[in-house]
Number of protein chains: 2
Amino acid sequence: MSPPPSSPGARGRATIADVAAEAGVSKATVSRYFNHRERLLSPDIAARVEAAISKLAYVPSPMAQALSHGRSRLIGLVVADITNPYSVAVLRGAEKACQDAGYLVMLFNLGNDRERERAAIDALASYQVDGFILNTLGQGEGQADVHTLHGKPAVLVDRRHAGLAADFVSLDNRGAMHDACTHLRQQGWRRLLYITQPLLGVSSRVERTEAFRALAAAQGTQVHGEVLELAAEQGDEVLDQALADLLRQAPPGERCAVVAGNSVVTLRVAASVSRMGWTFGQELGFVGFDDPEWASLIRPGLSAVAQPTDAIGQCAAQCLLDRIGGLQGPARESLLPGLLVVRGSSLGPGGRAAPG
Amino acid sequence: MSPPPSSPGARGRATIADVAAEAGVSKATVSRYFNHRERLLSPDIAARVEAAISKLAYVPSPMAQALSHGRSRLIGLVVADITNPYSVAVLRGAEKACQDAGYLVMLFNLGNDRERERAAIDALASYQVDGFILNTLGQGEGQADVHTLHGKPAVLVDRRHAGLAADFVSLDNRGAMHDACTHLRQQGWRRLLYITQPLLGVSSRVERTEAFRALAAAQGTQVHGEVLELAAEQGDEVLDQALADLLRQAPPGERCAVVAGNSVVTLRVAASVSRMGWTFGQELGFVGFDDPEWASLIRPGLSAVAQPTDAIGQCAAQCLLDRIGGLQGPARESLLPGLLVVRGSSLGPGGRAAPG
DNA sequence: TTGTATGCGTTATCAA
DNA sequence: TTGATAACGCATACAA
C-alpha cells in the first residue's frame, strides 16, 4: 500500500532493483535468491527478499535474463503448413510439454513455402530461442544445415532433414504400413493401390511408399501393389480414372483396396468414391494413414492408422528439452507406433467391424 | 574473409559493436543507420556502415532492442483450445499478418482451462509482447481485466470479454443466423432446433442463441424454434432422443431441421443421424455454423455458414498492429459476414443444390 | 555470506 | 552530423 522506495509500478513492473531496495539488500542478493537459493543465502536475508518479492509481485524479466545469461526459455517451432491437421496435433502436444516445463513457444508457419525455412529459423534465432522443433520440407533454396541452427539444438518431427544431425521423432511408418497392408490382405483384399501426395523428397512420404512397395514385393504373387502420386493441382478426374482403372484391370475375383498416405488423400478418395456411387468395403477396400474425426461418419466407417500425434509432440519437446539441458551424444530417433483402427471400409463381406 | 577487429562470430553473432569497429564509427552511428537512416547520417558514413553490416551479416538483436527501447516485435496469442479447427484457422490468418508486418507470434494454448488465462497473459507479458490477440473464455478465476494486460493493447477474437475494453473481431453472428434460418424457412423447414455447446457465458454462443430465438419469435406461427445445449459429457443417447422428440412432436406435415452452433456440434449431429438411419434433407433438414472440409462428404452434402476465418485472423492482427502503432480512440468492432453454402441437407424435396 | 562492478546488445541523451 | 555515455534488467566474476 505504501509507495516503496524506488517507485516500482511507476513505469511498468517491479525490477530487481526495486526488490533490492525494498528488502534493503543488493541486487546480486536478490538474483541469488532465484538462482542459487539454498546454497549461499542466510535464512533471514532470504526471508526479507522473499517478503519484498511477494509484496512487489516481482517476476524476473526473461528478456533481460536472456540477454545476460543467454537462455530465453523460448522454443522456436517451425511448421510447414499449419493448415495440416497433423501439424496442429503435434503442435498441441509439443506446446503443452513446453508449457509444463516453463517454456513458451514461438510459432512460425511456412505456409508450405519451402524458401522461407531459412528465414524462419533466423528470425526465431534472433530471439535467442533455446532450441527448435522443426516440421518442414527440408528442401529448397534456404535449406537448413547445421550452421543454420546457430548452435542451438533441434528436433525434427515427421520429416528428416538431409544435412541436419538432429534428433528425430515420428510415426513408425514401416510398422504402420505393415499393419495396414497385413490387415487388408487378411481381409481378402489382394490388389492394393497406395495413393500419396507427391513425394518431393519428404522423408515420411518416401518411407511409406518404400515400405508399401517392399511389402507388396514380399507378398509375391499374393498381392499386387501399385503407387499413385496425386498432386493437389491434378483434377478429380485423374483420381476417378485411377480408381476405375484399378478395378477394371483386376482379374475376376481379385478384390481391390486403396491405402491413403494421409488424411488429405483420404478426403479426396472419399469424395471420388462418392462420385462413383461406390460404397467402401464393397467395390473398394480402404485404409488411410491419419484418423480424422470424420472417419467414422463415412459409411461404413473408414479404417485408419491413427498417429499418436500428441505423444509425438510431447516426445519431440522432451527430446529438445533434454538437449537444452545439456544431453550429449549422437542423434536419437524415436519411432512411435501407430494404432490400426478397423472400421467397415476394410472388412471383407463377412467381416465384423470393431465398434466405433 | 579476414578476421575483423573485434572478433565477431567468435561467440555467436556479430553485435553492433563489431559493426562499429569494422566501419570505424561509433555504436551510436550504427544504431542510427537502422533507426533514423536518411535524416541524420552522411552518405559516405552510411555507405561504410552498410558495407560493414553486410560483411558481418549483422542483424540487430530483438531481445536487446526490447530491453532498451521497450518494443519486442512480439505478439502474444492466447487461444482457448487449439484443438478447435476454428482457433487454428484464425491463428493461421493472424500469424500470417503478423509475419508480414515483421512480428513473431508467441503462442499459449489454454487447453480449455479457463483458470490459466491470467497466467497465460502474465507469461506472455513477461516477454514484453507488444500486444495480445485473445480467443479465450473470458471467465473463471483469473478473469482478465484492464490491469491484466499490463498496459498493452489487445484484440478479442470471436469472444467478447466482460471487463475488457478492447477491439473485437468476429463473425456477424446475427447476420449469419438470419441467413441460415431464412434459407431453411424458404426451403420449407418449419420446425427448427438449434443445438449449441453449453453457453457458459461465451459471447459467440450466447449471441447465436439469442439471434435464433429472436428470429423464431419474429416468424410468429410460421416457425417453431427450440434450443438444446449439448455438453461433451452428455452421452449420444441424449442427442438421439432430442432428435427423435423433435420429429415426433412435430405436427403432421411440419418438416424439422437442425441448426448446429459449430462444427463440433455438426459432427455429433451427423453421427446421430447416421445412427438413426436417417438421411439429411429427407427426415431432417440441416444447416451448421462452420464449414469443415468433410461437409460435402456427408450425403447429400451438409449446408453450412462458412466463417471467413482467415479474414478474421488477419483483421484481428491488423487491428492490433494499428493500436501498437499508436491508434487511439474507443474500442472498435469488426463483424465479418459469413457465407451460406447450400448443399443437399437443407433443400426441400424439389430443391436443387449448388454444385459442391 | 554479502556487496561492488561489469557485461549482455541496443537505444537515447547529451556534448562536441 | 557524429561520438561518448548512461540506461534497460539481470547474472556473475571478484572483492570484502
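Reminder, nothing fancy here: chain letters follow the sequence lines and each chain counts from 1.
In this structure, A/L67 atom CG and D/dA11 atom P are separated by 12 Å, rounded to whole Å. One atom, CD1 of B/I16, and another, P of D/dA6, lie 17 Å apart when rounded to the nearest Å. A straight line from NE2 of A/H69 to C1' of D/dC8 spans 19 Å, rounded to a whole angstrom. The nearest whole Å value for the distance from the CD atom in B/Q128 to the C1' atom in C/dT11 is 14 Å. Rounded to whole angstrom, the span from the NE2 atom of A/H36 across to the P atom of C/dT2 amounts to 14 Å. Across the protein-nucleic acid pair, B/F34 atom CZ and C/dT10 atom P stand 9 Å apart, rounded to whole Å. Taking atom OH of B/Y33 as the reference point, atom P of D/dG3 lies 16 Å away to the nearest angstrom. We find that OH of B/Y127 is positioned 14 Å from C1' of D/dC10, with the value rounded to whole Å.
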| side chain to side chain contact (heavy atoms under 4.5 Å, CB included) between B/M106 and A/L74, worked out | CA-CA 9 Å; B/M106 293 191 56; A/L74 245 30; 3.7 Å; yes
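No engagement by A/V49 is indicated, since no non-hydrogen atom pair under 4.0 Å with the nucleic acid exists.
Residue A/R32 places a side-chain atom within donor-acceptor reach of the base of C/dG3, judged by atom type and a 3.5 Å distance cut-off alone.
Relative to the side chain of B/T29, the nucleotides D/dG3, C/dT4, D/dG9 differ in distance, and D/dG3 lies closest. In the set D/dC8, D/dA4, C/dG7, the nucleotide with an atom closest to the side chain of B/S26 is D/dA4. Of the candidates D/dT2, C/dT2, D/dG3, the closest approach to any side-chain atom of B/V25 belongs to D/dG3. The side chain of B/P60 lies closest to C/dT10 when the candidates are C/dA12, C/dT10, D/dA11. Comparing C/dT10, C/dT2, C/dA12 by their closest approach to the side chain of B/Y58 singles out C/dT10.
You'll find the ring centres of A/Y33 and A/Y58 outside the 6.0 Å limit.
Under 4.0 Å is where a charged nitrogen must lie from a carboxylate oxygen, and between A/R71 and A/D130 no such pair does.
Annotation: the span from A/Q128 atom CD to A/Q65 atom CD amounts to 13.0 Å, rounded to 0.5 Å.
Heavy-atom distances to DNA chain D give each of B/P43 and A/K27 a nearest nucleotide, and the one nearer the 5′ end belongs to B/P43.
A pairwise comparison of heavy atoms in A/R332 and A/D167 identifies N-OD1, 2.7 Å as the closest pair.
Residue A/S31 places at least one side-chain N or O under 4.0 Å from the OP1 or OP2 atom of D/dA11. Contact between the side-chain N/O atoms of A/Q65 and the OP1/OP2 oxygens of D/dA11 is found at a separation under 4.0 Å.
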